[in-house]
Amino acid sequence: MIRDATSADAAAIAALYNPYVRETVITFEYDEVSADDMAARIARVQALGLPWLVLEDEGSVIGYAYAGPYRPRAAYLHSVESTIYLAHGASGRGLGRELYEALIARLRASHAHSAISLIALPNDASIALHLATGWTEVGQLREVGRKFDRWIDVAYYQLDVSAR
């Protein structure tokens with residue numbers, strides 16, 4: 001089941017996300033996120049009229065996706081940056097695609113014109129998900145992140161969500 005996230009989901013979302021913080025370069029955060037911080041993030045995104053969705057399986061949150069502002073300048077108002085995470089062990093069953101398609105549908109119904117996604121490289125699974133849901137690679141930045149004592153490249157993907 002895919003539904004809007006609530007503050008009650010914050011602890012489960014933080015528990016899903018924090019292994020990515022601790023163990024991977026997929027996120028550039030260094031410090032784990034508390035449930036209170038995650039609840040505040042959810043509230044900020046939703047207050048802007050943007051979607052934050054959770055994917056549930058038998059009452060447990062096993063994935064989430066959201067779109068937040070791309071940049072703070074006024075001219076970027078209609079561009080959003082998307083994010084998706086699945087719990088370890090939840091990939092390979094088409095759930096990420098289902099969740100991302102739900103997010104894209106919600107973006108098409110919003111004020112958004114363009115969705116942008118940044119992918120830390122290498123990440124074949126994320127690239128495959130983006131290509132399968134209609135995104136186009138529009139560029140790559142070399143060595144823009146540093147985590148675990150190594151430089152990380154980032155690919156930029158973009159999707160026109162203005163087609164209603």
Side-chain angles (χ1 to χ4, degrees), residues 1-48 50-71 80-107 115-135 137 140-159:
M1 176 174 87
I2 297 171
R3 61 172 176 76
D4 289 321
T6 70
S7 60
D9 297 313
I13 292 170
L16 187 157
Y17 178 64
N18 283 329
Y20 287 99
V21 174
R22 285 190 310 268
E23 302 163 13
T24 76
V25 299
I26 290 173
T27 175
F28 282 9
E29 290 199 72
Y30 286 2
D31 299 319
E32 292 189 19
V33 178
S34 71
D36 288 342
D37 287 341
M38 194 61 77
R41 291 178 185 193
I42 294 166
R44 275 193 305 272
V45 165
Q46 292 175 336
L48 295 170
L50 293 169
W52 189 308
L53 305 176
V54 294
L55 171 65
E56 278 188 332
D57 183 37
E58 297 182 11
S60 296
V61 173
I62 62 166
Y64 70 94
Y66 70 92
Y70 171 62
R71 301 282 303 234
V80 296
E81 183 178 338
S82 69
T83 299
I84 183 169
Y85 284 93
L86 292 179
H88 292 291
S91 61
R93 298 185 285 167
L95 298 172
R97 184 175 181 156
E98 184 180 339
L99 179 57
Y100 225 24
E101 286 175 345
L103 180 73
I104 292 166
R106 291 286 295 279
L107 290 173
I116 299 156
S117 184
L118 286 64
I119 302 173
L121 299 175
N123 191 333
D124 293 340
S126 187
I127 290 170
L129 172 63
H130 284 81
L131 293 175
T133 52
W135 298 71
E137 183 177 2
Q140 199 171 108
L141 300 175
R142 304 273 180 218
E143 298 184 352
V144 294
R146 187 162 177 84
K147 190 171 177 183
F148 303 136
D149 294 322
R150 70 179 179 100
W151 290 107
I152 304 149
D153 297 347
V154 174
Y156 275 67
Y157 281 73
Q158 188 171 9
L159 180 68

Residues forming a side chain to side chain donor-acceptor pair (under 3.5 Å) with R146, sequence neighbours excluded
none
Applying side chain to side chain donor-acceptor pair (under 3.5 Å), name anything that partners D36, two or more places apart in sequence or on another chain.
none
Qualifying residue, where the test is ring-ring contact (aromatic ring centres under 6.0 Å, His included) with W135 and the options are Y156, Y157, Y100:
Y100
I need the [X] [atom1] to [Y] [atom2] distance, nearest 0.5 Å.
X    : Y    : atom1 : atom2 : answer
I104 : T133 : CD1   : OG1   : 4.0 Å
L86  : L16  : CG    : CG    : 7.5 Å
L95  : L129 : CG    : CG    : 11.0 Å

Taking side chain to side chain contact (heavy atoms under 4.5 Å, CB included) as the test, write out the residues that go with [X], two or more places apart.
X    : value
S7   : A39
R71  : Y76
A102 : I2, L53

Taking V21's backbone N and O only, do any of them form a donor-acceptor pair with K147's side chain (distance below 3.5 Å, no angle check)?
yes
What are the two closest non-hydrogen atoms of [X] and [Y], and how far apart are they?
X    : Y   : result
R106 : D4  : NH1-OD1, 2.7 Å
H88  : P19 : NE2-CB, 3.8 Å
S117 : S82 : CB-OG, 3.6 Å

Pairs satisfying side chain to side chain donor-acceptor pair (under 3.5 Å), at least one member in residues 13-23, at least two apart:
Y17-T27, Y17-E29, R22-E32
Pairing residues for D153 by the salt bridge (Lys or Arg N to Asp or Glu O under 4.0 Å) criterion, not counting sequence neighbours
R142
Could I get the full list of salt bridge (Lys or Arg N to Asp or Glu O under 4.0 Å) partners for E137, not counting sequence neighbours?
none
Check: F28 and I152 side chains under 4.5 Å, non-hydrogen atoms:
yes
Below 4.5 Å, heavy atoms only, C-beta onward: do I13 and I42 meet side chain to side chain?
yes
Any salt bridge (Lys or Arg N to Asp or Glu O under 4.0 Å) involving residues 60-70? Give me the pairs, sequence neighbours left out, ordered by first then second residue.
none
Scan residues 60-69 for pairs that pass salt bridge (Lys or Arg N to Asp or Glu O under 4.0 Å), counting only residues two or more places apart or in two chains.
none
Please table the atom pairs, donor to acceptor, closer than 3.5 Å between any side-chain atom in residues 54-70 and protein atoms at least two apart or in another chain.
residue	atom	partner	partner atom	Å
E56	OE2	R3	NE	3.4
E56	OE2	R3	NH2	2.9

Test L107 against V80 for side chain to side chain contact (heavy atoms under 4.5 Å, CB included), laying out the working first.
CA-CA 9 Å; L107 290 173; V80 296; 4.0 Å; yes
Validation: residues 120-127 side-chain donor-acceptor distances under 3.5 Å, sequence neighbours left out:
residue	atom	partner	partner atom	Å
N123	OD1	S126	N	3.0
S126	OG	H130	ND1	3.4

